[in-house]
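Here the structure comes first, spelled out in C-alpha cells, and everything after it is commentary.
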Amino acid sequence: MTMTEGTAPGKELTGRKVLIIAVSAFSVIIGVNLFMAYSSISTFPGLEVANSYVASQTFDEDRAAQEALGWNALASASGDTLRVEITDADGLPAAVAEIGGLVGRTTERQHDQPLTFTRAPSGAHVAEIEPLAPGKWEVRLEARATDGTLFRQRLILRLTEG
C-alpha cells in the first residue's frame with residue numbers, strides 16, 4: 001500500500017465511515033423533526049369547533065345578529081385584573097345578560113385562564129386572573145345580550161414590561 005499526498009496514515013475514508021456519517025446526519029434530522037412535530041401537537045390542538053360543517057350552517061345568521069347589536073368590546077389587563085368594556089352603538093355600556101371567556105396565548109393552550117366576570121359600577125366587566133407575562137395574549141370573549149343574541153369576539157392584548 002502506498003501513501004498518497006494529502007492523506008494521513010490511518011485516516012482513510014472507507015465506505016463504512018461514509019455510512020456512519022450518513023446515518024448519523026439523518027438520525028439528527030429525523031430526531032429534530034419528531035421533536036418539533038410532538039411539540040407542535042402537544043401545545044396547540046388546532047381545534048376551534050367540534051364540527052366545522054355544522055358550525056358553518058348558521059355562521060352568516062349568527063354574524064348578522066351579532067353585528068345588529070352594534071356592540072364594541074375593548075379589553076385591558078393590569079396586575080391580577082382583566083377588564084372588558086362592551087359598549088353599544090351609542091357608546092353606552094351594553095345590556096349584557098351573561099358574559100364569560102378565556103384569556104391565553106394565541107399559539108398554545110397551557111397558559112389559558114377561564115374568566116369569571118363581575119360588573120363594575122362603571123359598567124365594565126372585571127375578572128380576577130393570574131398576572132400575565134409580557135407579550136401577545138388573546139381574550140376569547142362570549143357574551144349574551146338580554147334578547148338572547150350571542151356576541152363572540154377575540155380581543156388581542158399586547159402587554160409590555162413595566
Side-chain angles (χ1 to χ4, degrees), residues 1-67 69 71-86 98-118 124-144 149-162:
M1 176 160 95
T2 61
M3 195 187 300
T4 58
E5 287 187 41
T7 61
K11 301 289 184 184
E12 187 176 335
L13 186 61
T14 63
R16 183 180 182 143
K17 289 181 182 177
V18 171
L19 177 63
I20 291 171
I21 292 169
V23 168
S24 298
F26 279 106
S27 296
V28 169
I29 291 169
I30 290 168
V32 169
N33 283 338
L34 290 173
F35 171 75
M36 296 298 281
Y38 172 77
S39 296
S40 173
I41 291 168
S42 67
T43 59
F44 183 67
L47 184 64
E48 293 293 327
V49 293
N51 186 329
S52 59
Y53 176 75
V54 171
S56 73
Q57 298 303 299
T58 60
F59 179 81
D60 289 331
E61 294 83 17
D62 294 344
R63 183 189 61 194
Q66 179 172 315
E67 288 175 352
L69 290 172
W71 288 4
N72 187 30
L74 181 66
S76 60
S78 178
D80 62 353
T81 303
L82 181 87
R83 180 183 176 96
V84 173
E85 296 181 49
I86 302 176
E98 298 174 35
I99 184 169
L102 195 69
V103 63
R105 297 286 191 181
T106 57
T107 56
E108 59 188 46
R109 299 290 182 237
Q110 70 190 43
H111 298 293
D112 284 1
Q113 298 181 46
L115 301 172
T116 303
F117 289 99
T118 57
H125 302 275
V126 180
E128 289 186 28
I129 57 171
E130 293 292 321
L132 303 175
K136 184 177 180 180
W137 292 86
E138 179 180 64
V139 177
R140 292 182 286 283
L141 184 66
E142 200 167 281
R144 192 167 297 278
T149 303
L150 187 60
F151 177 82
R152 289 188 179 131
Q153 189 124 43
R154 290 183 182 205
L155 307 169
I156 300 299
L157 287 175
R158 294 188 193 279
L159 302 177
T160 58
E161 288 195 42

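This structure is a prediction, so every number in the text was calculated from the model and none was measured.
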Point to revise | Short N-O contact, Glu85 and Arg83, less than 4.0 angstrom | key: yes
Nearest heavy-atom contact between Lys136 and Thr106 is CE-CG2, 4.0 Å
Here the gap from Leu141 atom CG to Leu74 atom CG, rounded to the nearest 0.5 Å, amounts to 11.0 Å
What one should report as the nearest heavy-atom pair of Leu155 and Ala75 is CD1-CB, 3.7 Å
Here the pair of heavy atoms bringing Thr149 nearest to Ala65 is CG2-O, 3.7 Å
Original post:
Do the non-hydrogen side-chain atoms of Ile86 and Ile99 ever get within less than 4.5 Å of each other?
Top reply: yes
Closest non-hydrogen atoms of Phe117 and Gly101, given as atom of the first, atom of the second and distance, are CE1-N, 4.3 Å
Might you confirm whether atom CZ of Arg152 has over 12 heavy atoms from other residues, nucleotides or ligands at distances under 6.0 Å?
no
- Item | Donor-acceptor pair, side chain of Lys17 and main chain of Lys11, under 3.5 angstrom | no
* More than 12 heavy atoms from other groups under 6.0 Å of CD on Glu130 -> no
Interatomic distance, OG@Ser40 vs CD@Glu108, rounded to 0.5 Å, equals 11.5 Å
One should read off an interatomic distance between Leu102 CG and His111 NE2, to the nearest 0.5 angstrom, of 13.0 Å
Here the gap from Arg140 atom CZ to Asp112 atom CG, rounded to the nearest 0.5 Å, amounts to 4.5 Å
Between the CG atom in Leu132 and the CG atom in Leu82, the distance rounded to the nearest 0.5 Å is 7.0 Å
Taken to the nearest 0.5 Å, the spacing of Ile29 CD1 from Phe26 CZ works out to 5.5 Å
Six-ring centre of Trp137, Arg105 cation under 6.0 angstrom, axis tolerance 45°: yes
